[in-house]
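Comments concern the structure below.
None of these values were measured; they are calculated from a predicted model.
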Amino acid sequence: MLKVPTKPASLDEVLAALKALPDDELPREQQPFLEVHVLLDKPQALLREKVLQALEGKSVRLAKITPHYSQREQQDSLQHRRLSEVSPQQVFALSWNKKFDGEPTEAMAEAFETLLTQVEEQE
């Protein structure tokens, strides 16, 4: 599974990163799944269509688009959401921010992703 970008970024940056993906001609079963993380101020109309347009001709399979909102809005919205509606990454980032007052380092985020993958494979 590919995660583009590795950390949530603005829509323009995300679209540029997606367009920069290689145009490899891989068979469908060899194409990696893609998870896209977009940092937004407010909900974006036609977000999926914009992402799909940027992926035109790329050898990836879009699995998920995750919008991330400003930290303040995210904290408020997590309090009123069901656990099933919140990704493990969002819970981890919020918990880290609450305990350490900042974003987790890239190494720590990668370690969390590795741990999450191992747990999901065991299930």
Side-chain angles (χ1 to χ4, degrees):
M1 166 133 357
L2 293 176
K3 185 176 176 182
V4 176
T6 54
K7 291 185 177 183
S10 71
L11 181 57
D12 291 336
E13 292 175 60
V14 169
L15 295 176
L18 294 176
K19 289 177 183 177
L21 289 173
D23 291 333
D24 299 334
E25 293 290 330
L26 295 174
R28 178 111 175 117
E29 63 276 357
Q30 291 180 357
Q31 294 176 357
F33 287 99
L34 177 67
E35 186 175 351
V36 178
H37 292 268
V38 184
L39 183 61
L40 301 170
D41 294 328
K42 58 183 180 182
Q44 175 73 37
L46 303 174
L47 178 61
R48 182 173 183 77
E49 288 75 10
K50 291 176 183 179
V51 169
L52 288 173
Q53 185 178 14
L55 290 174
E56 191 83 23
K58 307 297 180 188
S59 289
V60 294
R61 293 181 278 179
L62 182 61
K64 183 177 182 182
I65 299 173
T66 305
H68 297 267
Y69 298 98
S70 69
Q71 192 67 5
R72 180 82 177 153
E73 290 174 8
Q74 184 180 24
Q75 287 177 353
D76 293 343
S77 67
L78 288 180
Q79 292 175 358
H80 303 290
R81 292 171 68 184
R82 294 174 179 242
L83 188 56
S84 61
E85 298 172 342
V86 181
S87 74
Q89 293 85 353
Q90 289 172 309
V91 174
F92 173 71
L94 181 61
S95 299
W96 184 277
N97 190 351
K98 197 171 196 174
K99 185 168 184 166
F100 300 107
D101 196 28
E103 296 292 324
T105 63
E106 186 170 330
M108 190 59 68
E110 288 176 6
F112 176 77
E113 288 292 333
T114 301
L115 179 63
L116 182 61
T117 301
Q118 290 173 355
V119 168
E120 290 174 345
E121 288 175 354
Q122 289 177 351
E123 295 178 352

For this session: Could you walk me through whether Leu116 and Gln89 pass the side-chain contact (heavy atoms from CB on, under 4.5 Å) test, one step at a time?
Result: CA-CA 9 Å; Leu116 182 61; Gln89 293 85 353; 3.5 Å; yes
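- Taking CG of Leu39 as the reference point, atom CG of Leu11 lies at 10.0 Å (rounded to 0.5 Å).
- Donor-acceptor pairing under 3.5 Å is lacking for the side chains of Thr117 and Glu120.
- Residues satisfying the side-chain hydrogen bond (donor to acceptor under 3.5 Å, both in side chains) criterion with Asp23, sequence neighbours excluded, are Lys58.
- Residue Glu56 places its CD atom among 12 or fewer non-hydrogen atoms of other residues, nucleotides or ligands, all under 6.0 Å distant.
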Problem set entry | Worked verdict on Leu26 versus Val60 for side-chain contact (heavy atoms from CB on, under 4.5 Å) | CA-CA 9 Å; Leu26 295 174; Val60 294; over 6 Å; no
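- The two residues Val14 and Ala9 have their closest heavy-atom pair at CG2-O, 3.5 Å.
- Put simply, the side chain of Lys7 does not reach to within 4.5 Å of the side chain of Glu103, judged on heavy atoms.
- No continuous path of hydrophobic side-chain contacts links Met1 to Leu21 [ILVMFWY only; heavy atoms under 4.5 Å].
- Screening residues 12-60 for ring-ring contact (aromatic ring centres under 6.0 Å, His included) gives His37-His68 as the qualifying pairs, with residues at least two apart or on separate chains.
- In terms of heavy atoms, Val38 sits closest to Ser10 at CG1-C, 4.5 Å.
- At distances below 3.5 Å, at least one donor-acceptor pair connects side-chain atoms of Arg61 with backbone N or O atoms of Gln31.
- Note on Val36 and Leu2: same hydrophobic cluster, where clusters join Ile, Leu, Val, Met, Phe, Trp and Tyr whose side-chain heavy atoms are under 4.5 Å apart, directly or indirectly.
- Counting heavy atoms of neighbouring residues, nucleotides and ligands inside a 6.0 Å radius, atom CD of Glu49 exceeds 12 of them.
- Within a 6.0 Å radius of CD in Gln53, no more than 12 heavy atoms belonging to other residues, nucleotides or ligands are found.
- A heavy-atom distance below 4.5 Å is not found between the side chains of Leu62 and Glu35.
- Across Met108 and Phe92, no two heavy atoms sit closer than the pair CG-CZ, 3.8 Å.
- Put simply, the side chain of Gln118 never gets that close to the backbone of Leu115: no donor and acceptor are under 3.5 Å apart.
- Distance CG/Leu52 to CD1/Ile65: 6.0 Å, rounded to 0.5 Å.
- For residues 105-118, the pairs satisfying salt bridge (Lys or Arg N to Asp or Glu O under 4.0 Å) are Lys3-Glu113, with sequence neighbours left out.
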